[in-house]
Amino acid sequence: MGLDLVGFSSRVLPTSVGYAADRRHSRGGAAASHGFLAWRSHPRAALKDGVVCSTEDGGRAESTLCVSAPSEDASRTGGVAADLGRDIADGITASQASSAGRKKGGRLWRRPPGGDKPARAPRRAPVRKDPQVRRVLVNNPDVNAILSGVSRESSIEECNSVLIRLEKHSDVKALDFFVWMKANGKLERNADAYRLALQAIAWKEDWRRAELLLHEMVAVSGCRLDARAFNGLMYVCAKRRLADWGTKWFHVMLEREVQPNVSTFGMLMGLYQKTGSLKESEFAFAKMRECNVKCVNAYSAMITLYTRSRLFDKSEEVITLMKDDGVVPNMENWLVQLNAYSQQGKMEEAELVLQSMEDGGVSPNVVACNTVITGYGKVSEMQKAKEVFHRLESSGLAPDETTYRSMIEGFGRADKHQEAISYYKKLKSSGFQPNASNFYTMINLIARHDDSESAAEILRDMRAAGCQCSSIVTILVRAYGTVGRMHKVLPILQSCFYKKVLYDATSCSILVTTFVQNSLLEEALCVLREKKWKDSDFEDNLYHILICSCKEAGSYEDAVRIYSQMPESRTHPNLRICCTMIDVFSIMERFTDAETLYLELKASACVLDMIAYSVIVRMYNKAGRPEDACSVLEDMDKQKEIVPDKYLFLDMLRTYQKCGLLEKLTDTYYRILKSEVECDEAMYNCIINCCGPAIPVDELSRIFDEMIQLGHLASTVTLNVLLDIYGKAGLFNRAEKVFSMARKQGLADTISYNTIIAAYAQSGNYRSMNYFVQKMQDAGFPVSLEAYNCMLNAYGKSGQLEEFSAVLQKMRRARCDFDHYTYNIMMNIYGRKGWIEGVAYVLSELKSRGVEPDLYSYNTLIKAYGIAGMPEDAVKLMQEMRIKGINADRVTYTNLIAALQRNENFLEAVKWSLWMKQTGVVGVGARP
C-alpha cells in the first residue's frame, strides 16, 4: 500500500542532439536527431506489384511496404497531383494579390516567430477523438500570407521553408503544398520535404499513405532513407502510445538496413515504457547495443520496465551493462537506479547510488530522498529513514507530501504507533493532505494498538477528505476485525459520524453484516433498530444475507432472533427469507414452526418456485412425513412452468421410494431422461437405488452400464440394490459380476454377502449358497444372523432337516442371538412337520429370552396348531393377540380358517370368515 515509485515520467529525446524540436510542442524540449549514419541503398531494386524487390536474387521480395500496386498514389504527378498543384498555385496567386490589402490588426491564427503555441487555437485537442484531426485549421488569410512569396520559380529551399511554416499550422494544407511541390518538380532528392510530409501523414495515422510515400521517396525522387525519415513516424507513435505501429516502423528500418540513431531508440523505448511492452523493449534494447548507440533514456526505460515487472535481477543486469558501456547517467537514470534497489530493499546499493550522484556533482533532490525513504520503509529500517529525512532538512530542501507519506507508511509497516502519528500530524501541519494509503495504514496501526481516540480523529479526517461513508466503514471493520477487536467499532463510530452511517443503507449493511459474522448480534440488532433509511427491498435483502450468514455459521438461534426482529411485510411474506427460515427450523428439528411458515406462504399471494418446493419437500422428509412431502409434490405438478433441477429430482425420487409409489418413480425416471439435467454420480446412484424395483431390469442394466462407462463410481448401497434385484429376477450371472466388482473396489460388505446368499437360498442353489458363505468367512466377515436365517429357511422348506439341524448347531456354537425371524422359521418348520412339542419348546425359549411373539410368530403358531389338530388352541391364540393389542392380518385369518376347516369345524370357520369381512380384511371365504 506504500508509495509507488516504480517508474518516472520522462522526456525520451535528449535536447543536445539537435534537429526539429517538435514544432508543435517546442516548450517541451523534446527533439528528434538528424542521425549520423546514412542508409546504404540496394545496388539494384525495383518496384514489383507494390513490393520493393531486389533484382540480385531473382526478383525475390525483400521488404513488403504495401499490399497493392501504388498506381493511384505513386503516379499522381500527372492527374490528381496536377489538380492539387493548380489549387495551390491559385492560392499562391490569390495570396500575392491580397497581401497588400490585408487589414492591420487582423487576428492571425499562426505560431509567432518565437515558437510559442497560439493562445487562441491549440495545436491538438486534449482528448483526441479523430486521428485525422490534429490541429485547428488556419483561416485563408493566414495561408495566403504564408504562400505569398512562393511561385513555380521558387527554389527547393524556399519551398521547404514554406512547407515547414504550413506544417506548423495545418497538416492538410502542408500535404496539399507537398503535392504542389511534387507536381512542380521540387521533390527531386528533397529528403527534408519527404520527412515533413511523413510526419504530417503520421499525425493523420494514414499508415498506408506513409508506406507509399516511403517507396516514392526512394524509387521516384531518388532520396536516401535515413533514421530521420522514420523518426517522424515513431515520434507520433510515441506521443499517441501506438506500440504496434512503432514496432512495425522499427522493423521496417531494420529490414531496409537503415541505421537507427539515439532519437530512434529514445522514442521507441519511451513508448514501450509507457505501454509496458517488455518483450519488444528487450528486442529494441539488444539492437541498440548491437548498433553501438548509447541512449541513456533507453537504459532508464529498460530498468523501469524490469522494476515494474519485479524482475529485479534483470534491472541490476541493465545497470551493470550501462556501466560497462560507459554511459553517463542523467538525473532520471540515477532515480530509476535508486528505485530499482529501493523496491527490493537493497538499501546498501541504494546508498551507493546516492553517493555516486553526489560524487558526480548531482545534488540529491527531494525525489531521490523520497525513494530512499520508501526503500528503508519497505525493510522496516526506520531509524535510517529518519536519518535521510533529517539529511534532507539539513541540506535546505523542504520535505514534500510524498516525504511525509513515505515516513507514515514506513512507520506503519514497522508497527511504530507513536512515530506514525507524529509524522501524520506533521503532514497535516505542513498543509498537506494524507492519501488513501496513509488512511489505511493509520487505521490498521491504530487498531493493533487499540487507540480509539486517534481512530476517531482519523475517521473525521477521512470524512473531511471526501471519503465515502461506506469506504470508511469497510476499512474500519476490516482493521478491527483482523485484530479481534470488532466490539470497539460501534463506540468509535458513535463518537464521530454514527448518524451519517444510520442514514446510509450501504454503510449500515456493511456494519451489520460484519457484526453478525463476528458473533456480535446485540450490536447488529442495535444498528438495525436505529437505522434511518427506508428501502423495503434493500432491507429484505439485508435480512436475508444476515440470516444466511447465521445459518452457514451454524448459529441457528441467532438466525431466529434476527428473523423475529424483522418488520412485518405490508404486502406478503418474503419468499427467500421464509424458505431459508424453513430450512433453519428443519435443521433445529422445529418442524412445527417450519410447517407454520409454509402454511403462511401457501395462504399468501406468494407463488412458490422450484427452490421453495425443494426446501419444503426436504423439510417434510426430515420430519419423517413423506406422505406430506408427496402432497407438496402434487401441488408443484399443478404449476407446469416449474422445471425441477437436479437436487429436486433427487428429493422426489427419495420421497416416492419412502412412500412405495412405484408408478411415480417410473414417471420421474423418464422425466429425468427427457429433461436437460446432467446426470452425475449422485444422480446415477439415486436412480438405481430408488427406481430399481420400478423400472425394467434391462433398463436398469443400461443405466448401470452407462454410469460405469462415464467413469462414475457406484456406491455400496447401489451395488447391493443391484444384487437384490438381479437375485430375485434369477439373473445370477449379472449378480455375480456386480458382486465381483464390489469385491475388487473394496465395497462389498456384510449386506452384500447376505443379499447374494439369500438369492441363492431362495432359488434352492445350496451349493452356491454355501460357496458364498465360505467366501464371506474368507473375507474376514463372521457369518451373520441374516445368512444363517436364510440357510435355515432354505433347508427347512426343502425338508432337509439334517442340514437344518446342522445350521442350528453352528448358530448355537457361534452364540448367535436368535431374533424373531429365527424363531418364526423354527416354529414354521416344526409346525409343518406337526412337531407340536418342538413348536412349544421354541415358543418357551422365545419367551425365556424376554421376547414376546410378534404377528408373524402368531401366524406361524396358528398354522402349526391347525396342522397338529389343535384348532381350539389356535382360537385361543387369536384371543391372546386381542389382549396384547396385536391386530390380525389376512394371513392370520386365513391360517385360522384353514385350521378349523382341516379339523372339520366348518361352522366356526364360517363365523371367522364373516368376522374377517366385517373388520375390512380381505381374505378367502370358508368352504363348507
If you count the non-hydrogen atoms of other residues, nucleotides and ligands that lie under 6.0 Å from CZ in Arg448, is the total more than 12?
-> yes

When you measure from the side chain of Ser342 to the backbone N and O of Leu338, does any donor-acceptor pair fall under 3.5 Å?
-> yes

Any side-chain donor-acceptor pair under 3.5 Å between Asn333 and Asn297?
-> no

With sequence neighbours excluded, tell me which residues meet side chain to side chain donor-acceptor pair (under 3.5 Å) with Lys346.
-> Glu316

Would you say Lys416 has more than 12 foreign heavy atoms packed within less than 6.0 Å of its NZ?
-> no

Test salt bridge (charged side-chain N to carboxylate O under 4.0 Å, His left out), reference Glu457, set Lys425, Arg463, Lys428, output is Lys428

Kindly compute the distance separating CG (Leu268) from CD (Glu280), expressed to the nearest 0.5 Å.
-> 9.5 Å

CG (Leu213) and OH (Tyr194) are apart, to the nearest 0.5 Å, by 6.0 Å

Interatomic spacing from CD1 in Ile408 to CG in Asn435 - rounded to 0.5 Å | 8.0 Å

Are any non-hydrogen side-chain atoms of Thr403 and Cys369 less than 4.5 angstrom apart?
-> no

Do Gln344 side-chain atoms and Ala340 backbone N/O form a donor-acceptor pair below 3.5 Å?
-> yes

Counting distance only, does the side-chain N/O of Arg405 pair as donor-acceptor with the main-chain N or O of Gln433 below 3.5 Å?
-> yes

Name all residues meeting the side chain to side chain donor-acceptor pair (under 3.5 Å) criterion together with Asp359; count only those two or more places apart in sequence or in a different chain, and write none if there are none.
-> Gln355

For the pair Phe283 and Phe250, name the ring-plane relationship: parallel under 30°, tilted 30 to 60°, perpendicular over 60°.
-> perpendicular

In this structure, CG of Asn339 is separated from OG1 of Thr307 (nearest 0.5 Å) by 6.0 Å

Are side-chain N/O atoms of Asn231 and Asn261 paired as donor and acceptor at under 3.5 Å?
-> yes

Would you give the length of the straight line joining atom OG1 of Thr371 to atom CG of Leu335, rounded to the nearest 0.5 angstrom?
-> 6.0 Å

Taking Ser277 for its side chain and Gln273 for its backbone only, find out whether a donor-acceptor pair lies under 3.5 Å.
-> no

Distance, nearest 0.5 Å, that separates CG of Leu163 from CG of Leu166 = 6.5 Å

List the atom pairs, with distances to 0.1 Å, where a side-chain N or O of residues 380-394 and a protein N or O form a donor-acceptor pair under 3.5 Å, not counting sequence neighbours.
from	atom 1	to	atom 2	distance (Å)
Ser394	OG	His390	O	3.2
Ser394	OG	Arg391	O	2.9

More than 12 foreign heavy atoms under 6.0 Å from CZ of Arg189: is that the case here?
-> no

Working for side chain to side chain contact (heavy atoms under 4.5 Å, CB included), residues Ile319 and Lys314 = CA-CA 9 Å; Ile319 294 172; Lys314 292 192 174 184; over 6 Å; no

Side chain to side chain contact (heavy atoms under 4.5 Å, CB included) assessment of Trp207 paired with Leu233 | CA-CA 9 Å; Trp207 308 116; Leu233 300 172; 4.3 Å; yes

Heavy-atom side-chain contact between Ser470 and Ile510 under 4.5 Å | yes

For Ser430, side chain to side chain donor-acceptor pair (under 3.5 Å) partners two or more places apart = Tyr404

With sequence neighbours excluded, give me every side-chain hydrogen bond (donor to acceptor under 3.5 Å, both in side chains) pair touching residues 320-330.
-> Arg289-Asp325, Tyr299-Asp325

Between the side chains of Asp461 and Tyr424, does any donor sit under 3.5 Å from an acceptor?
-> yes

Listed by chain and number, what are the side chain to side chain donor-acceptor pair (under 3.5 Å) partners of Tyr423, not counting sequence neighbours?
-> none

Evaluate the ring planes of Trp249 and Phe230, with Trp represented by its six-membered ring, and classify them as parallel (under 30°), tilted (30 to 60°) or perpendicular (over 60°).
-> tilted

Does the side chain of Thr247 pick up a donor-acceptor pair with the side chain of Tyr272 at under 3.5 Å?
-> yes

